Amino acid sequence: MNERDPGALKSLIAGFFDRAAPTYDGVAGSYFSILGPRLVDRIELREGATIVDVACGKGATLIPCAERAGTEGTVLGVDVSFEMVRSARAHARKRGLSNVVVAVMDGERLALRKACADAVVCGFSLHFFPNPLEAAAEFARVLSPGGTIALSEWGATDDRWAWEDELVGSLLVKSVSSGSFDNHEALEGFLESAEVTDIEKGTESVTVHLADEDEWWTWKWSYSFRYMLEQLDADARDRFQADALEHVRTMRRADGIAITLHALMAVGRKSR
Ligand SMILES: C[S@@+](CC[C@H](N)C(=O)[O-])C[C@H]1O[C@@H](n2cnc3c(N)ncnc32)[C@H](O)[C@@H]1O
């Protein structure tokens, strides 16, 4: 559990996601945009549905939800990062989606009325909530009877990259994660706290290809890993970069660097 003040932690998260937004999901094959539709495919969505996408980022799940809900539906994306919200809004506009509304809002305090949503979606973000139980209570409150909650989180990393955790562990930097959701049991526990049953679980994998070490380094700045890097002074960061790139180089093949990412997914339904 992260011991920092929840409000301060959320501001900090909003800040580094604001700075990551220009490159977020733009390197390493845009894998969030590959996995987002795979989560949405697990929800039974009817045309005209109202969907809330909590911590929507740039819209990896928001956009497929909007496409599925049709022009009669409404999809509300919320995120603490203003730049993510701006980007998701621009993304929806570019796709010609008129059923999307995006707002800066805390996922643990949804400014929404009770039972307004047919589905609540949350992709790769539960571990950022300082009080996951508050988030679960909010998801339960806004979900209508018979509605669905769909979650994704990162599973265990490819063993070949274990050196990365060891290297980061030696840096003495703070982690931004408040909790660990890297197993199906934790996702199931969250869904039970959100008062849904009939839980279905699954795993999706995606292999991303990076051209070289430089692209690997650019990628590390494009998501929450950025927070670790921002805590290092210039010398420590140079040392970390040199050490990490030495490892990355050994993993490079003729066609670049391949990394397989495993996403855990879980979906549950609220009784009618
Ligand atoms: C890894 S990204 C995932 C974004 C998106 N769901 C996707 O699949 O690409 C995590 C997102 O969670 C947002 N976030 C973190 N804490 C939040 C909170 N308390 N309320 C709302 N959004 C939050 C961040 O700003 C960031 O956009």
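All figures in this text were calculated on a predicted structure; none of them were measured in a lab. For ligands, and for the atoms within them, numbers begin at 1 and follow the listed sequence.
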Enquirer: Any side-chain donor-acceptor pair under 3.5 Å between Thr203 and His262?
Expert: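 No, His262 and Thr203 have no side-chain donor paired with an acceptor closer than 3.5 Å.
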Enquirer: Would Phe82 and Phe17 count as a close aromatic pair, with their ring centres under 6.0 Å?
Expert: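 No: the rings miss the under 6.0 Å criterion.
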Enquirer: Examine Phe17 against ligand 1 and note whether any of their N/O atoms are separated by less than 3.5 Å.
Expert: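 N/O-N/O distance under 3.5 Å: no.
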Enquirer: For ligand 1, which atoms have a heavy atom of Asp106 less than 4.0 angstrom away?
Expert: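 By the 4.0 Å cutoff, the relevant atoms are 18 (C), 19 (N), 20 (N).
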Enquirer: Find all atoms of ligand 1 within a distance of less than 4.0 Å from any non-hydrogen atom belonging to Met84, and give their numbers and elements.
Expert: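 So the atoms of ligand 1 that pass are 27 (O).
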Enquirer: Report yes or no: is the cationic atom of Lys220 (NZ for Lys, CZ for Arg) closer than 6.0 Å to the six-membered ring centre of Phe225, at no more than 45° off its axis?
Expert: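 The answer is yes; both the distance and angle limits are met.
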Enquirer: Within a distance under 4.0 Å of any heavy atom of Ala60, pick out the atoms of ligand 1 and give their elements.
Expert: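 In order of numbering, the contacting atoms are 7 (C), 8 (O), 9 (O).
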Enquirer: With a 4.0 Å cut-off on heavy atoms, is Cys56 in contact with ligand 1?
Expert: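 For ligand 1, residue contact (heavy atoms, under 4.0 Å) with Cys56 is present.
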Enquirer: If you count the atoms of ligand 1 from 1 in the order shown, which ones are under 4.0 Å from a heavy atom of Phe129?
Expert: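 With Phe129 as reference, the close atoms of ligand 1 come out as 18 (C), 19 (N), 20 (N).
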Enquirer: Indicate whether any N or O donor in one side chain lies under 3.5 Å from an N or O acceptor in the other, for Thr50 and Thr74.
Expert: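 Thr74 and Thr50 do not have a side-chain donor-acceptor pair below 3.5 Å.
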Enquirer: For Gly107, take its heavy atoms, then give the atoms of ligand 1 lying under 4.0 Å from any of them.
Expert: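 Going through ligand 1 atom by atom, the ones under 4.0 Å from Gly107 are 18 (C), 19 (N), 20 (N), 21 (C).
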Enquirer: State plainly whether one hydrophobic cluster holds both Trp154 and Trp163, where clusters connect Ile, Leu, Val, Met, Phe, Trp and Tyr through side-chain heavy atoms under 4.5 angstrom apart.
Expert: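 The answer is yes; both residues are in one hydrophobic cluster.
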Enquirer: Specify the protein heavy atom at minimum distance from atom 16 (N) of ligand 1: its residue, its atom name, and the distance to 0.1 Å.
Expert: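 For atom 16 (N) of ligand 1, the nearest protein heavy atom comes out as Phe128 CB, 3.7 Å.
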Enquirer: Name the option, out of Val121, Asp79, Val104, that contains the heavy atom nearest to atom 13 (C) of ligand 1.
Expert: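 Looking at heavy atoms only, the winner is Asp79.
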Enquirer: Between the side chains of His247 and Glu164, is a donor N or O closer than 3.5 angstrom to an acceptor N or O?
Expert: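 Their side chains do not contain a donor-acceptor pair, so the 3.5 Å distance test is not met.
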Enquirer: What distance separates Arg38 CZ from Glu204 CD, expressed to the nearest 0.5 Å?
Expert: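 Reported to 0.5 Å precision, the distance equals 5.0 Å.
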Enquirer: Between Trp219 and Tyr223, is the ring centroid distance below 6.0 Å?
Expert: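 Yes.
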Enquirer: Please work out which of Tyr24, Phe32, Phe124 has its closest non-hydrogen atom nearest to atom 4 (C) of ligand 1.
Expert: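 Closest candidate by heavy-atom distance is Tyr24.
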Enquirer: Any idea which atoms of ligand 1 are less than 4.0 Å away from a heavy-atom of Ser81?
Expert: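 Reading through ligand 1 atom by atom, the close ones are 25 (O).
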Enquirer: Got the closest protein heavy atom to atom 22 (N) of ligand 1, with its distance?
Expert: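 Heavy-atom neighbour on the protein nearest atom 22 (N) of ligand 1: Val80 N, 3.2 Å.
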Enquirer: For ligand 1, does Ile13 get within less than 4.0 Å through its side chain, its backbone, both, or neither, judged by non-hydrogen atoms?
Expert: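 Ile13 to ligand 1: side-chain contact only, backbone stays beyond 4.0 Å.
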Enquirer: Could you tell me, atom by atom, which parts of ligand 1 come under 4.0 Å of a heavy atom of Ser125?
Expert: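 That gives atoms 3 (C), 10 (C), 11 (C), 12 (O) of ligand 1.
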Enquirer: For ligand 1, which atoms sit closer than 4.0 Å to a heavy atom of Met105?
Expert: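 Counting atoms of ligand 1 from 1, those under 4.0 Å from Met105 are 20 (N), 21 (C).
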Enquirer: If only atom types and distance count, is the side chain of Lys58 paired as donor or acceptor with the main-chain N or O of Tyr24 below 3.5 Å?
Expert: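 The answer is yes, because a donor-acceptor pair under 3.5 Å joins these two groups.
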Enquirer: Are the side chains of Arg252 and Leu210 in touch, meaning some heavy atoms are under 4.5 Å apart?
Expert: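 Side chain of Arg252 against side chain of Leu210, heavy atoms only: no contact under 4.5 Å found.
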